[in-house]
Amino acid sequence: MNLKAGLAICLLYSVCSTGAIAAAEKVVIAHSVQLSATIAPLLYGIQRGFFRDENIDLEYRMLPTHIGVKALLNNEIDYLYSAGTAIRASMRGLPIRALSYDLERLTHYLMGRPAVRSAADLRGKIVGVSSPGASGDVAARACLRSLGLEPKKDVIIVSMGSDAIRYSAIKAGSVEAIIAPLPRNIQLKKEGLNELCYAGALFKGAVSGVVATLERIRGKPEQAKAMLRGVLKTSRSLTREKNSFIEFLVTRVKLDRDVAIETASVLIEAQTKNGIIEEPDLLHVIETEKQIVGVDKPIKIADVADYSLLREVLSKER
């Protein structure tokens, strides 16, 4: 190959590459955590280029829950990644729907101090959660009931805010137990605390997923389907590329390798199949959320989720 031909090919490659980059649509998705196990799969998918493959230049932003919902409604962001928040907002009549669900297990654990080994050791004691109605609060109450304790009378549930605050409280002995998200539970086990209950083993719940406004679903269906294809690629890659995902957890999320290995296994097991929580399980989630929100009116699946675009994407894979 002569120099002129080589330069021509390089120029063509450069133009094509630049064109591909230019074609990628800037899209913003937000959740209420900066870096945690729950959003690790999404961040892994972004790093692996699964969304770029769909011409989506996806940016992740951290926004507190209440701000994230407002930003979504005001078109300041394009999607939310907080499925539980979406269900509660939809029940209040806000025009948003979940398009898919990535995790269907609440990856929260009830952790007790070294002396707390049974329900009897918790009776009359303080249990720390994040905030009323949050996923961790739901998980804590389910765990307590599974241990034979009635949350309203047998223990004292205290809202304490962030995971870091709860961690400090249990280490200081201010509370006897806390609800801890993955992978904090693994750290606590290594420090001698007891895992009393894994909420994900008790019931299914909507943890994370792609959430959009009705306006975006109707106005930008192709963008939404591209997002869903990227999410499906990400989800399917976790098992196929488990070692690569573990390496991501070590280098990006800064987990110790043994913690990353256990975290990856839990997240892979907690995934939905093809982004769908099946109807009986989702109806159970809705009923649980209705009690938290204080809604008495009937709520249908169509009031909180819209699988139509996801089913269209899946049908074209066959």
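Values below: all heavy atoms of this structure, side chains included; hydrogens, waters and symmetry mates excluded.
S244 and Y44 share a donor-acceptor pair across their side chains, judged by distance under 3.5 Å alone. Judged by distance alone, the side chains of N185 and Y198 never bring a donor and an acceptor atom under 3.5 Å apart. Side-chain atoms of S235 and Q271 include a donor-acceptor pair closer than 3.5 Å. Between the side chains of E279 and Y307, no donor-acceptor pair of N or O atoms lies under 3.5 Å.
In the hydrophobic cluster analysis, where Ile, Leu, Val, Met, Phe, Trp and Tyr join through side-chain heavy atoms closer than 4.5 angstrom, V253 is grouped together with L238. Follow the hydrophobic side-chain contacts under 4.5 Å out from V116 and you never reach L188; the two are in separate clusters. At a threshold of 4.5 Å between side-chain heavy atoms, the hydrophobic network of Ile, Leu, Val, Met, Phe, Trp and Tyr places V155 and I126 in two separate groups. A single hydrophobic cluster is seen to contain both I29 and L103, as judged by linkage of ILVMFWY side chains at heavy-atom distances under 4.5 Å, directly or through other members. A single hydrophobic cluster is not seen to contain both V127 and I170; linkage of ILVMFWY side chains at heavy-atom distances under 4.5 Å, directly or through other members, places them apart.
Looking at E262 and K189, a side-chain N of the basic residue comes within less than 4.0 Å of a carboxylate O on the acidic one, giving a salt bridge. A salt bridge does not link D53 with R229: every distance from a Lys NZ or Arg NE/NH1/NH2 to an Asp or Glu carboxylate oxygen is 4.0 Å or more. Of the charged side-chain nitrogens involved, none lies within less than 4.0 Å of a carboxylate oxygen, so that E76 and K70 do not count as a salt-bridged pair. Ion pairing of R48 with E241 is present here, as a side-chain N (NZ or NE/NH1/NH2) and a carboxylate O approach within less than 4.0 Å. Looking at E104 and K273, no side-chain N of the basic residue comes within less than 4.0 Å of a carboxylate O on the acidic one, giving no salt bridge. A salt bridge links K190 with D258: the distance from a Lys NZ or Arg NE/NH1/NH2 to an Asp or Glu carboxylate oxygen falls below 4.0 Å. Ion pair E222/K225 flagged as a salt bridge, since at least one NZ, NE, NH1 or NH2 atom sits closer than 4.0 Å to an Asp/Glu carboxylate oxygen. A salt bridge links R236 with E317: at least one charged nitrogen is closer than 4.0 Å to a carboxylate oxygen. Using a cutoff of 4.0 Å between basic side-chain nitrogens and carboxylate oxygens, R257 and E247 are scored as salt-bridged.
Atom CD of E195 is separated from atom SG of C143 by 9.0 Å, given to the nearest 0.5 angstrom.
Between S90 and D303 the shortest side-chain heavy-atom distance does not fall below 4.5 Å.
Listed here is the closest heavy atom pair of S130 and S159: O-CB, 3.6 Å. Nearest approach of I277 to A206, heavy atoms of both residues: CD1-CA, 3.9 Å.
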